[in-house]
Amino acid sequence: MKTINCKVLVLGAGPGGYVAAIRAGQLGLDTVIVDGQAPGGTCLNVGCIPSKALIHAADEFEKSMHFTGENVLGISVRAPSIDLSKTIEWKDSIVKRLNSGVAGLLKKNKAQLVKGWGKMVDGKTCLVATDEGDVTIKAENVILATGSVPVEIPSLPFGGNIISSTEALSLDGVPEKLVVIGGGYIGLELGTAYAKMGAKVTVVEAAERILPQYDADLSKPIMASLKDLGIEVLLNTKAKAANEDGTALTVETTDGDKTLEASKILVTVGRRAKTEGFGLEELDLTMNGRVVAINDKCETSMTGVYAIGDLTGEPMLAHRAMAQGEMVAEIISGMNRTFDKVSIPAVCFTDPEIVTAGLSPEEAEAAGYETKIGVFPFAANGRAMTMEAETGFVRIVARKDNHLVLGIQAVGKGVAELSAAFSLALEMGACLEDVAGTIHAHPTQSEGFQEAALKALGHALHI
Ligand code: FAD
């Protein structure tokens, strides 16, 4: 059997793993990275990238449909249609380009990519089943980056018409009736996209509101937009079981049981760390509930074994995994690093979008801060008006005593791109005066950020 000896073994080539391997390679560490699928992980193959491609196509189609009727812009379009198979082909071509891009970056940085499924034998040895036979990899350091998988509802196992987000990204046609179980960001992003492409979408959510991880002020505009798109949202409603061929779903509402017809039932009730199938049990690591426990250096309970990304729990986001991966590679190379980020921004690519960075007003209060809060609505922002994007606002949360910014949130069209400014302000330790005193280009939505800071200081200029 072939044996490879190396300094660093990375198990899993998602955003956490491949960034760790690239950085390790840059630092001159002899690195091997293993994955059974094309490099890029969930994010690139069946997550962030393909979902945003589909959302873009849906937005463009909806726009063209909008122009078939009366509209203030005076644009007229006749009978647009969408061929989902072509859309999927385009989406797959982007995924493929990025797969090759990641493989190229690994090669450029001399990290060896081994295609196959790995199983840890002990804390320094991994057995990989490849197409060319088994390979043993012996490493001084191991980075576990096996990611996460969709959570299944026991009474609604995946298969046939009951699908996870993975299948929802490659459907062969727009389903006539799509029932989405779970009103979190993944379900709402995909549900919105399919509604825009013409599906009759129903969202089933067990909690009393959608997007329960965001505060109600942020989720309210999304709820209104779902309604405008004709999406039915059933709150306080639990999915129970489907009929044999998955064309009807029984749900438990506050008024008793109800049956929903469905062409597809999309289950998006969360993701769980992938802890099985790669020999984790052989390592007997300390767990933090159902995820691998790590400290602020991503060290596990076993010396020389690190864990990063979704395998280590929330927030399960690609950019957190990447930041952890980069840090661990530097730690292995001898640098003194700790994971001490002030902000891990989160974006919900619904319509309108939500972006959050740092603490919400409630979180700041719970942390014991007295706060000053400034909210600036896009209805008072010139650029938003010119884009027909007046829904939403920017909100800034700061300490009352020294005006240190603790958190920034926004909801509105295209606000995802504001996340960089928000996170930078938090990482740089900005005060309200810093944001208020920075010239923001006119006319841009980012002026709403400056105005929110001015508002918190008591002298907003445009409201
Ligand atoms: P993963 O990306 O899950 O990668 C793990 C890799 O390990 C996989 O490639 C897997 O094949 C491999 N692996 C597992 N076991 C083995 C083994 N035994 N041997 C070899 N290889 C193995 N996050 C965002 O930040 N922004 C978004 O907009 C966003 N949108 C999303 C949309 C959807 C539909 C989904 C499902 C997720 C989305 N996410 C988003 C979440 C994001 O995809 C994850 O947080 C991110 O991919 C986690 O990276 P990771 O490196 O920890 O693991």
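Everything numeric here is computed off the predicted structure, so don't read it as measured data. Indexing begins at 1, ligand by ligand and atom by atom, following the structure's order. By convention here, the first residue in the shown sequence is residue 1.
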Which is it for Leu11 and ligand 1 at heavy atoms under 4.0 Å: side chain, backbone, both or neither?
-> side chain
Where does Ser51 meet ligand 1, judged by heavy-atom distances below 4.0 Å: at the side chain, the backbone, both, or neither?
-> side chain
Counting heavy atoms only, which part of Pro15 comes closer than 4.0 Å to ligand 1: side chain, backbone, both or neither?
-> both
Cut-off 3.5 Å, side chains only: do Arg272 and Ser148 have a donor facing an acceptor?
-> no
Could you tell me whether Lys86 and Glu89 have a side-chain N and a carboxylate O separated by less than 4.0 Å?
-> no
Sorted by first residue and then second, give each salt bridge (charged side-chain N to carboxylate O under 4.0 Å, His left out) pair with at least one member in residues 171-191; sequence neighbours left out.
-> Lys52-Glu189, Lys177-Glu261
Atom indices of ligand 1, in the order listed, that fall short of 4.0 Å to a heavy atom of Ser165 = 34 (C), 36 (C)
What part of Lys119 sits under 4.0 Å from ligand 1 if we count only heavy atoms: the side chain, the backbone, both or neither?
-> neither
Between Lys196 and Asp59, is the closest basic N to carboxylate O distance under 4.0 Å?
-> yes
Which side-chain N or O atoms in residues 21-32 pair as donor and acceptor under 3.5 Å with protein atoms at least two apart or in another chain?
{"from": "Arg23", "atom 1": "NE", "to": "Glu330", "atom 2": "OE2", "distance (Å)": "2.6"}
{"from": "Arg23", "atom 1": "NH1", "to": "Gln26", "atom 2": "OE1", "distance (Å)": "2.9"}
{"from": "Arg23", "atom 1": "NH2", "to": "Glu330", "atom 2": "OE2", "distance (Å)": "3.0"}
{"from": "Thr31", "atom 1": "OG1", "to": "Leu29", "atom 2": "O", "distance (Å)": "2.8"}

Under 4.0 Å, heavy atoms only, figure out whether ligand 1 is touched by the backbone of Glu189, its side chain, both or neither.
-> neither
Short version for Ile186: what comes under 4.0 Å of ligand 1, heavy atoms counted, is side chain
Tell me which part of Pro50 gets within contact of ligand 1: side chain, backbone, both or neither, using heavy atoms under 4.0 Å.
-> neither
Side chain, backbone, both or neither: Arg320 near ligand 1, heavy atoms under 4.0 Å | neither
